[in-house]
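Accompanying notes for the structure given below.
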Amino acid sequence: MDMDRKLAVLTMLKIRGHAGLAEAADHLGVTKQGALRHLEALERAGLVEVHAQGRGGPGRPAGVYRLTESAALSFPSRHRELAAELVDFMEQDQLDRFFAARTARIEAEYAPRLAGLDLAARVRELARLASEQGHMTEVLEDADGTLSLRHCNCPIQDVAARGGHPCRHERSMYERLLGADVTRSEWVGSGGAACSYAITSNPGNPDNSGEG
């Protein structure tokens, strides 16, 4: 099993919590048989476990795949130690200035890549860019069409849990980049499984036109 496929499966399960065979195949862009080979290899390595889940009808129960505790070692963790050292060393106003400058740098990098896209495309491109920064982000869509960004494995969550500075700057940055109202609906600092931001179109904002 190649490392790219391994990481793709582990990342998907980290973000979603669990997935069936069909979901894994769709995510990897392979057949169910191909996805099963990858999942079985990860199961043999002790990184993935499978649980039977009833279909709610006739037929064999479907298998649902989840990460094992050992799988956590497959994800970068050194940032957690760095975050703790930062918080212990820096004053709160210093942290605030640091993350304001960090956010400005990221915003300057992201803005040209989002220019010219409509709101939905901006949200999806922002999720892709955030994942490259280590946030492991997915886009969720509610029944009413409302989009949300959901961050897992956030590289700054330990700092955010103590002071909240990173999240405050991050949310404001998302509003500017998307030209939309952004509200945090879930936070690991208050016991959530991830950090989620609900995005509401703001018709009065000219940026929603997608012209940049």
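For reference, positions follow the sequence shown, starting with 1.
With sequence neighbours excluded, no residue forms a salt bridge (Lys or Arg N to Asp or Glu O under 4.0 Å) with Glu40. Partners of Val139 according to the side-chain contact (heavy atoms from CB on, under 4.5 Å) rule, which considers only residues two or more places apart in sequence or in another chain, are Val123, Arg124, Ala127, Leu147, Leu149. For Glu43, there are no salt bridge (Lys or Arg N to Asp or Glu O under 4.0 Å) partners, not counting sequence neighbours.
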Stepwise, does the side-chain contact (heavy atoms from CB on, under 4.5 Å) test hold for Tyr110 with Glu125?
CA-CA 9 Å; Tyr110 287 4; Glu125 177 64 6; over 6 Å; no
Check the pair His18 / His51 against side-chain contact (heavy atoms from CB on, under 4.5 Å), numbers first and verdict last.
CA-CA 10 Å; His18 58 81; His51 300 268; over 6 Å; no
Could you walk me through whether Glu132 and Leu129 pass the side-chain contact (heavy atoms from CB on, under 4.5 Å) check?
CA-CA 5 Å; Glu132 291 180 355; Leu129 293 170; 4.0 Å; yes
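Inter-residue side-chain proximity for Val48 and Leu13 is flagged as met; some heavy-atom pair is nearer than 4.5 Å. Contact of the Leu177 side chain with the Arg122 side chain is not registered, since no non-hydrogen atoms from C-beta on lie closer than 4.5 Å. Using a 4.5 Å heavy-atom threshold, the side chains of Arg102 and Phe99 count as touching. Using a 4.5 Å cut-off on side-chain heavy atoms (C-beta onward), Val9 and His27 make no contact.
In this structure, CZ in Arg37 is found 11.5 Å from CG in Leu28, a value given to the nearest 0.5 Å.
A side-chain donor-acceptor contact under 3.5 Å links Glu175 to the backbone of Val182.
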